[in-house]
Structure formats: structure tokens, C-alpha cells
Amino acid sequence: MATTAEATPKARLRELGLDREDAIAMYRNMLITRGIEERGHILFRQGKIPGSFYTGRGNEGAAVAVASATKPQDHLCPLQRDMGVHVTRGLEPWRIFAQYMGRVGGPTRGRDGNVHIGDMKLNIVGMVSHLPAMLPVAVGLALSYRIRNEADRCAFAWSGDGASARGDFHEGVNLAAVRKLPVVFIMDNNQWAYSTPGNLGYNTEHPSDRAKGYGIENVVVDGTDAMAVYEAVKAARDKAVEGGGPTVIEAVTLRMEGHAVHDDAFYVPKEDFETWAKKDPIEKMRAFLLEGGVSEDEDEEIRGGVKRFLVEQLEKAEASPEPDPSTATTGVYASPEELDNPHH
Amino acid sequence: MATTAEATPKARLRELGLDREDAIAMYRNMLITRGIEERGHILFRQGKIPGSFYTGRGNEGAAVAVASATKPQDHLCPLQRDMGVHVTRGLEPWRIFAQYMGRVGGPTRGRDGNVHIGDMKLNIVGMVSHLPAMLPVAVGLALSYRIRNEADRCAFAWSGDGASARGDFHEGVNLAAVRKLPVVFIMDNNQWAYSTPGNLGYNTEHPSDRAKGYGIENVVVDGTDAMAVYEAVKAARDKAVEGGGPTVIEAVTLRMEGHAVHDDAFYVPKEDFETWAKKDPIEKMRAFLLEGGVSEDEDEEIRGGVKRFLVEQLEKAEASPEPDPSTATTGVYASPEELDNPHH
Amino acid sequence: MAQMTYLQAISDGLREEMRRDENVFLIGEDIGNFGGAFKVTQGFQKEFGEWRVIDSPLSETAIVGACTGAALAGMRPVAEMQFADFVSCAWDHLTTVSAKQYYRMGTPIPMTVRLPCGGGFSGGPFHSQMYDGYFAHVPGLKVVLPATPEDAKGMMIEAIRDPNPVLFFEHKHLYRRIKGEVPEGLYTVPFGKARIAREGADVTIIAWSAMVHVAMEAAEQLASEGIDAEVLDMRTISPLDFEAIATSVTKTSKALVLYEDTRTGGFGGEISARIAEELFETLDAPVRRVATADCPIPFAPVLEREVLPQTADVVEAIRELSAY
Amino acid sequence: MAQMTYLQAISDGLREEMRRDENVFLIGEDIGNFGGAFKVTQGFQKEFGEWRVIDSPLSETAIVGACTGAALAGMRPVAEMQFADFVSCAWDHLTTVSAKQYYRMGTPIPMTVRLPCGGGFSGGPFHSQMYDGYFAHVPGLKVVLPATPEDAKGMMIEAIRDPNPVLFFEHKHLYRRIKGEVPEGLYTVPFGKARIAREGADVTIIAWSAMVHVAMEAAEQLASEGIDAEVLDMRTISPLDFEAIATSVTKTSKALVLYEDTRTGGFGGEISARIAEELFETLDAPVRRVATADCPIPFAPVLEREVLPQTADVVEAIRELSAY
Ligand SMILES: Cc1ncc(C[n+]2csc(CCOP(=O)(O)OP(=O)(O)O)c2C)c(N)n1
Ligand SMILES: Cc1ncc(C[n+]2csc(CCOP(=O)(O)OP(=O)(O)O)c2C)c(N)n1
Ligand SMILES: [Mg+2]
Ligand SMILES: [Mg+2]
């Protein structure tokens, strides 16, 4: 595992080309991410979220860090544990709450639920359930950059440790490797695929070792260490846009909840939860900031701000109406004008 | 590439646990294989083979050697360049000719063509066109050996250099690796996938390097050297049945004809054809036998015998009637009795 | 006889047949230690061991491909798709290999794919689909869809024993909502024999899977209006018991086909076509279809309700049919 | 106007649109240096370069998945499946992602998948299939199937410009056998507008793709017997020009649906059902269907002929329909 150089937070930030505000923004985005998902649980218990509900608890640091290392022109194809990507890119939380509750204000206007969101204005492609079907899509985005010779543009595709066993992963990564496309593959290794442990999903030390079969590099980082993730992603992005081909970045975390609300994760050893609770990415980031000169007061203010912000956002979401049933069957096919002016 | 130990043919055979008759049988099977396919070309030009036609010229040595290293109880799932497998297992050539010509005597009774053949009495599973769809099937066969604790049984799955880019390869090999199933993967690396060269299909030195992504071993052998192939396969089979998990054996050859009859292979450098013509697997085997004490006369006799045998077999095939059109739509579903008594 | 939920009946059928025949094994995602996303195989791994209840990688093609291979080796594999929707990832294998191998090679492929299917609970576009019509279109595959606990158990056992690839659609919405008497021990319900769920004289409702229950509700409502509907539970659509349809429609002269797949291209169209083609002279009104709208299944309850067939839609359609 | 084969017309449409719009690119197996298995893109890589005519690995899902992505980035990707049959390997992606992305996310996916399809030349079970009915069942996809060179070119251009995923079925049996006048330059043939291939008064034959030619042959034969058949070339089945069908069947009162997909579950069933449902009172006879038998397409010519719809089958069916 690539280890984080021991350095003061300030030196570390300098090394990464980040300033204090960047770091605070990342921290804030992690707090917002967790806040959204925690409120999601409450909404679910209140019966306000239909269907099922799941979160990316434990992965906030990695998701936010990856997104922070991207540029606005990069397309991102995040998956089910990557709410932090949407938050970092600026998808307003009220729209996420609205999505959860099936309201018109959500990015899918009630047509899809949970974290099945995206916003092409923010260059985030909405995921589908079938995993990891969006990975070849990201490769196609990268291919189009290459065709158009867009110099500083990179696509990002996510996959889980488990979903990397699917054919879509293989075909997508292989095509990208063969054509040295500007794409970075993020592997959320949260140690479980639903109830299935890593050793039943892959036969290598790290799931990202699959990269070796494509002749590309993989880098394993501590996914609870946002700075480490940021560093690895930035390097991989630089390499990709310079024509060096794709990299797989594996962010190791533990999925800190069940697969979804109905799953109590009885199969995860309790000690593991305890161990990884101590490595909480938000606490880690907080410690980093405090050590780097952010005061307890300032921290308090940030956290309070996030809380208030989410309360507002939730109110706004609750005010978003249910979709009009008469629209249920419309918009199955796009009309030519929409190519120039898509909904999102 | 694993190199063949320099040794006398006799010592080499002893080392491999083979005797003179075994070697002659392999040679004979290669000759039959090539003879069948050469006659296939003639039949095609005569208009006796409907549709298209393709062969495995250049791969006779590898196909025969692999099959020779298997045991009768092993299931084999060969592909489009592996006629030698069928021949070695004992599928009678007249049935292959009948298959080519769409006659009832072919293993598919005119329902499928070319090398889309199999015979469950010989434990050969008939392939489909979609590549490499039979690979997960072989994994399932191996899985059933494991479930039933059958000690000395191994399944064999083939794939081309090109087809290894498909999801079926990934999912099948991964499952086998994770469960350490008794299966050996043979990769026919004939340097081309139709007109597509290796560097547009995979990004590693060898296509079998894909194995590294599954934490299993790959062995690259000269596919024109039957003894080298035999040795590698035997070792992989031993390992597999002892619980050591699967191996990918890559047999490097050159596809010595176009992809199929309509393809003149203009895209293959002429020098390559010349180079590889000198490495012809049958000539190599012949030299090996002559050096090992088989006389020119004996060789002449073997070759003459094969010729005569194929003339007979072809006659028998030509006598096989066309299928009865009224049967065209029957046998879409199996009836319960057929489970106990399948057609083949 | 024991009272069982539809889900328990499926488990029971699986368990009994696994006890009887050691060639039966299960493979799927999270079916072992976890007991499956819907807990159909809860406790199975304890009873039958890790090699008869196999937790696979996330690989639908490997799962069904391995089943084809195991079937060729004489096993009786049962695959679980975590949701029917994910069978799209194994579409190629099922249609290309499993379905055609017997016709081409003469080698039967006795395998079962379990498919928790259907909508009605805000599963959204990828956890709600009814995939039956796609597969009923494929020669070589059987498509079976029990509507009751008793059928669920008997058809499960029949599916495992059938020498062909069988797609066993278990409706998620019935799992825990539908209870009924289920015989103990081993029994089978043959494929290709519809069940008259309700006798009636005025109009025939042709349905399967969860839609049988919608049809029954509609029939009850209509009874109070003096319309006496016959409800046919097809049980399987491949094979299709067209004889049962013909008998009923010959009696009632009017037919409604109710199905949960999307309207256009769904299997109800095929049935409607056959009725009109083969019973042209008996029909007193055009065949009606009530089905899911031609769009993905939306997530929000208000939208999903609009898209999926509702009892009121059936009642309305039957009223019109009656008045024709 | 130039005389072109069906194949040349497709090439011509592709080439002209690629010249006009630099966002159009092609991806597929062996389409570059080799020019494609059927040589549709011969010379394209020379003209447009390696990054607009891309030889992909043997990976159907990567090919269409990449097209979805490129479409989202503003490109106009055109994928080639080497044979339509292999699209089964990309089924999941097309139905799960490409088809549903616009409904869910509001982002159009303008992409075209070229599918050399159909039987009649001993291609066997895996190089002969007609996959149209499977896709016409999927909301969000368009399914287009030109029958003439003129349509092939105009519909190719229309497909590329359409803001939705379009499955463009090119019938292999027409590639070099069918010639016709093809306008020069850029023009489009709109989707969802059937063409009256032959006017007639007695009976309507509804067909598309290669079957249009079978229908025309049958109509010629029938003319000599005094039966005047109208032949409708649907051109596209999703969208479906039901209005054209209704107009014709209202005139003739009798309809035959002719399609190359397997009979049960093929799209002809949907059309037959709609005719019987919506034109119940105009029909003077039950709708007839002539289609491929419910089995894989066998290899041997004697078997294949038996399974695929033949002109004689249509003639016979129309005679019976006329006599009804
Ligand atoms: C093709 C497919 N099969 C099954 C599922 C059901 N499913 C949803 S999440 C999941 C586990 C995914 O594991 P992993 O890729 O490790 O991602 P994680 O949820 O752990 O982040 C499964 C099996 C799915 N979404 N897609
Ligand atoms: C899924 C799939 N796509 C496309 C094809 C068409 N096709 C037949 S052989 C071939 C090339 C295969 O290359 P490789 O795997 O290297 O095998 P080889 O023919 O060289 O032995 C292609 C593209 C196919 N059979 N299956
Ligand atoms: Mg995981
Ligand atoms: Mg090859």
C-alpha cells in the first residue's frame, strides 16, 4: 500500500498543490455527504423514502478526495458508495433528498431512486444498478476526448471490489488499456460485496491486481486517508492525460453499514467495525485540519454550518412536489431539439 | 517462453511418460486433422460445403498435444481452430465431413456446420460461435467434479488471443481461480483475431498474462512443438487435479490461413507466413519421429494410411443423406427420457 | 397441509428436492451465509454445505455458464439471480448456449434459473422488471411463473427435474404477501397446464404470476356488478396451454390478457394475436390487453402506480369488454 | 441517380454523414484495415483515420458501452456488430444503460448499432438470426430495417442523427443481391413512416427488411391468379407506423404479417394483435402470420429452407386468406 509521507499538514498540502481552503472544502464535503446519508436513514425510518436505502458510510473520504482531484471538464461515473462525488461536484443536497423521496426536484424527477443520480451540467453521469455497467461508458467518454484530441480531460470510472468480477469491467478496462485512453479507474474496495468477502470474489492479494492482466498499473491506498487518495488520483490523472494510459486506484475502506437498510451485516466481524471506526475518514480529516492550524472553534463552525445547511436543504426537498402521474410515460424517447438542450 | 529441454527424442518421450506409439498416434492425428481440413477446402470449392469454411492450419500440433495430455474422463471445450482435439478424442472423420456438408451423419445432424461439433460420449462439448462462451461451461464442468469430489478429473477450456477480451473469459476464469477448480485454460495464440493483431486486443506481452489478474499461473509454449505443449498441459492438469487451481497455457502459433475462406489474410506480413511455415508443427513432429528412430518408410506408410483412411471416410460421409426437412423443427426441447439417453 | 407463504413454499420445494437428489446444487450471489437477498435459501448452506450452496462472485454469466456446464456433467443446477433484472447480464449465455445446445448437439441442459421479479414496491427501473416475455420468445427455454404457494413448490421441483433450461420467475411482491395451503413432501405441478383460478361465464381474464391476484380482485369487484369473469392462471407461458385459453374463450367469447411486462412486445401480445387468429369466429369483441406502459418502471410510487397494471384498470377494461 | 447495391448504399450513407459531421465515428471488430466482415467500411480508415474508424478488441459490451459514453460526450458513434447475432453479448448494456438513460436522466444517447442480420445462406444458428423483435420490445430503443438501397442510405443518415439509440438492421442477404437507384448527397428517410411497396386491393401483406422482397415475389405470383395484394414495407418497427397498417387493412379487410424472427414472441405477433384489437370490425378474416419456425436456424440448406419463410408459404397463406 502506498504510504502517506510523514509531513506536517501544511507541508503535505503544499506537496499536493492544495491550500487550506481546499482542505476545508474537502472536509466540509465529507460532512455534507455523511449528513445527507444519515438524514436519509431517518427519512427512511419515517417512511419518506420508498423502496430500499443504502449509503457509502466509511467511503466519504475517498469519494470526496477523488472528486477533488478531478477537473470540472472531466466526466465522472461514480457508483453506489460515492455520494461524496456528487456533493463535491456541487449537486445540491436538496436535490439528493428529493431523489431519495421520489420528488420532482431530484435529478431523475422521481424516475429513479437512491444514489442513481447524475447531472450532465456537472459532468456526472447517472449510474444504473447493474454493476459495473457505467465503466465502459466512462471508457467511451475518454475515447471521445482522444478522438477530439482534448488535451486536459480525463474520465473517471468507479467499480467495487465485487463488481470487478463482471465482464463489463474486463471489457472496459481492456479497451482503455489497449488504446491508452485518458481514464482513471477507481476501485472502492470496502472488503465486501453485499455479504460476499473478497476471497470469494477475487484470487489476488488486492482486487486491483486485476490491473496486471491489462498491463496497467494499480495503486492501493488507504481510502480513509483523503490526502493519500487525492495524491494517488492526481498522479494517475496526470499520467492519463499525458498519454500514459489508465491506472486503477484502489481505495481500501470498510463498508461501515450493511449493504442496505435491511442488512445488519452480521457477517462482518465486530472487531473489524471497531478497528475501522477508529480510522473514520472524517475524523482523520478533522485531525489533519486541527493539526494544520484550524481551530476547534472554526471546526465547530464548519460542522454547525453543514448541519444548518442540510436542515434548509431538507426543507427545500420536502417542499418539492411528487411528480405528476400523467408524466410517468413521457420522455421515453428524446426529440432532436433535446440534443442541444438536454434536461440536465 | 518455456523452452524444450534439449534431449534425444527417446529421452524426451520417456521424460513425458510417452512411448513410441503415443508419439506416432499424435503424429497421425495431426495428419488426419490437416487432411480433413485440406479436404474441407476442396469440398468447399466443389460447392459441397454450404455457408463459410475455416480451418485451424498451423494449430494441429497444439490441439492434438493438448487432447493427448487429457484423460478420457476429462471434458473438453475446444474452439474453432481445434479440430485436432476432436480427431484425437476419436470423433470419426466421416462424421466431421458429414458435418461440413450438412448431412445427417454429422454430430449435429445438419443443424450446425463447420467445427461446431461435439460428442458427449467422447466428453467433447460442442462449441457455439459466440466466443468464448464455452469457457464458463468448462468451469461448470469442473465445478461439478469438485462438488462430487471426483479426484482425477479435469475440464479443458479453450480461448483465442482475441476472444480473451470478452467478459465470458473474465467471469469464467475468475470463478475457477477463486474456487481453485480443476480446469486448464488453453489459449490458442495464433497472433490474430480475424484481421486484428494482438496489440489491439491486449496490452500485455502475452495474452495469457491476463492470468495475473486472477492470481493464477500462465505458461507460454511454442504451439508448433507438440511435445512442449504436451508437457505444459500435463503439468497444469496434474496441478489442477491436486487442488492447485487453474493454469492458462498459451500455445503460440500463426494462423496459417485467412480467418475463413473469404479472407486472403492480406494483413498478415508475408515474412511471417514464411517464418512460421518453417515451423510447421507436423513437419516438426515428423522430424522428431525420424530422429527418434521412425524410418522414412514407416513415415511413408503412416502418411499413406492416413490418406487412404480419409478417402474412405469421405466416401462414407458423401453417402450420408441430407437431413429430412420434416425434422427441422423437432428436438427444440428435450423430453425427460433423453436425460438418461441423450442423442450423443 | 401446512400454511406457507409463497416464499416459504419455494424454499420448501428447493430443500426437499435437494434432500432427495444430491445432484441438485445452488449457485448465486449471497445465497450461502446470507441466505439470499430475499432469504429464500436461509439455512441451506448449513444443511447442504458450501459446495451445494455456492456463493459466487458477482458474475451472472459465470453463474449461468457454470450451470450449463454442470448440467452437461449430470448435475441439476439451480442458479439464483439476485433480482430478475440482472439476468440481462447472462442473456447471451442463456439464449446462445443454454437454449440452443439441445437442438444443435442433442444434449439436454437441465438447469433452473430463479428470478425474483416484478414491481410494485418502488424498486425503480432496475429492480422491478418482468422479463418473462423476452425469454418466452426464445426457442429452447421454458418460462414458468407460479402465482400460488402450492404451485410455487410443485413447479420448483418440476423445474429442477425438467431436462431443459427453465426460467423460474418468483414474484417478489408475492413472497410474503401470499399464503396458502402447501402439501408436504415431494410433488410436481406439470408445465403447460393452466389453472382455472375462478370459474366464470362472461369474460376470460388470462393472467400469470402476480397478475393472477390482480385479476382475482377485479373479478370479485365485477361480480358485484353482475359480470362473471373467468380467471385463467397460465402458470407457464412457455410452454403455453393455448387449449385452456381456447376452451375458456369459446365459452365466454371475450378475452382480456393481463400481464406485467411492457405492453408492446410483451407476451400478452402473442397471446392476444393467437386468440384473434385461432378463435376469430368465437370472439364477440376484440381482445383487450392490460399491461405495463411502454417505459421503464419509475421509482416514485405515484409514477409506478401509473405505469403498472392496477385492479381498477382491469375492472374498467372488463366493463368495456362486457358492454361491447 | 446512381445504381447501388444495398451494401453500397449503406456505405455511402455512412461516408457522407462522416464527411459532414466530424462527431461521427465508427467502432467495431475488423472494420478498419479489413473494412469489416462484409466490407461495408472498406477504405474508411484510410479516409477518416484510425481514431474515427476504430478496430476494437473482441468485446461487444465494450463497443456499445463506449458508444453510450461517447454519445454523452456529444459524439455520434456508430458501432458495428460483426453479425447481428453477437449483439446478444451487448444485450445488457443496450437494454439497461443505452435504452433507459434518457428516461431516467434526461440525457439523450444518440448512437447507432449496425447489425448485419438474417438468414438464407447456411449461416447456421449463430450467423442467421433476426433479432428485431427482441429490441422492439425495449422502450427507449429504435429498431429500423431498410429493405431497399434508397432507404438503406437515407435511414443510415437518419439513424446517426436520431437522438436515441438506434438498432440498424442490415440484411446480409440483401447486401449484394438488391440494387436500386440511390440519390446522391445527403438525405434522410424518416422513422415511423411505412412505404407502400405495392398497391393492392384484396389483402395487405405487412413486412420489413428482406421479407419485403419475399412479399413482393408472392404478390407477383398472386397477381396472375387475380389476387391483388398490397405490400407494406414498415421500414421501422419501433416506432411502428400503425396508421399505415390501419389505412391499408381498412381498405383490404385482410392482413398477413410476414416476419423473419421466430413466430412465437416475434414482433409480428404484436402487430397481429394490434390489428385484431384495433381493427376488429373491419377484418373479414383472421390475421395470418408467416414467420420463422420456433427453433434455432439450422445450417443445412434443406433444413434452413424449411424453417425460414418462403415465397410459397406466403402465396399459400394469402390464397387461404383470400378464400376465407
Ligand atoms: C450485475 C449485478 N448483479 C447483482 C447486483 C446486486 N448487487 C448490488 S450491490 C452488490 C454488491 C456489490 O459489491 P461491490 O462491487 O464490492 O460494491 P459495494 O456495494 O461493496 O460498494 C450486489 C451483488 C447488481 N447491482 N448488479
Ligand atoms: C462474441 C463474438 N464476436 C465476434 C465473433 C466473430 N469472430 C469469429 S472468430 C473472430 C476472431 C477470434 O479471434 P481469436 O479469439 O484470436 O481466435 P482465432 O480465430 O484467431 O483462433 C471473430 C471476431 C464471434 N465469433 N463471437
Ligand atoms: Mg465492496
Ligand atoms: Mg487468434
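The figures here come from the full heavy-atom set of this structure, side chains too, leaving out hydrogens, waters and symmetry mates. If you're wondering where the values come from, they're calculated on a predicted model, not measured in any experiment. Here is how names work: the chains are called A, B, and so on, in the same order as the sequence lines, proteins then strands, and each is numbered from 1.
Note: B:Asp112 CG to C:Met105 CE = 5.5 Å, rounded to the nearest 0.5 Å. Taken to the nearest 0.5 Å, the CD1 atom of B:Ile147 stands 4.0 Å off from the CE atom of C:Met75.
Between C:His93 and B:Val137, some side-chain heavy-atom pair lies under the 4.5 Å cut-off. Taking 4.5 Å as the limit, some side-chain heavy atom of C:Leu72 sits within range of a side-chain heavy atom of B:Met120. Residues C:Pro110 and B:Leu339 have side chains in contact (heavy-atom distance under 4.5 Å, counting atoms from C-beta outward). For the pair C:Arg104 and B:Val128, the minimum side-chain heavy-atom distance is below 4.5 Å. Contact of the B:Ser144 side chain with the C:Trp51 side chain is not registered, since no non-hydrogen atoms from C-beta on lie closer than 4.5 Å. Two residues are said to be in side-chain contact when any heavy atoms from C-beta on lie closer than 4.5 Å; C:Thr107 and B:Val125 fail this criterion. Put simply, the side chain of B:Leu175 does not reach to within 4.5 Å of the side chain of C:Ile63, judged on heavy atoms.
Taking a cutoff of 4.0 Å between a charged side-chain nitrogen and a carboxylate oxygen, C:Asp92 and B:Arg166 qualify as a salt bridge.
Contacts with chain B (heavy atom to heavy atom, under 4.5 Å) involve these residues of residues 10-39 of chain C, listed by number: C:Asn23, C:Phe25, C:Ile27. Listed in order of number, the residues of residues 148-159 of chain B that approach chain C to under 4.5 Å between heavy atoms are B:Arg148.
For chain C, the option among B:Met127, B:His170, B:Glu171, B:His130 with the highest count of heavy-atom pairs below 4.5 Å is B:Glu171. Note: C:Ala73 leads C:Pro165, C:Ala73, C:Ala71, C:Pro77 in heavy-atom pairs under 4.5 Å with chain B. Of the listed residues (C:Gly49, C:Gly65, C:Pro57), the one with the most heavy-atom contacts under 4.5 Å to chain B is C:Gly65. Contact count against chain B (heavy-atom pairs under 4.5 Å) is highest for C:Ala70 among C:Cys89, C:Pro139, C:Ala70, C:Gly74. Put simply, of C:Ile109, C:Asp55, C:Asp162, the one with the most heavy-atom pairs under 4.5 Å next to chain B is C:Asp55. With chain B as partner, the option from C:Glu50, C:Gln101, C:Glu60, C:Arg161 having the largest number of non-hydrogen pairs under 4.5 angstrom is C:Gln101.
Both the backbone and the side chain of C:Lys142 come within contact range of chain B, with heavy atoms under 4.5 Å apart.
B:Tyr333 places a side-chain N or O within donor-acceptor distance of the main-chain N or O of C:Leu141, the cut-off being under 3.5 Å.
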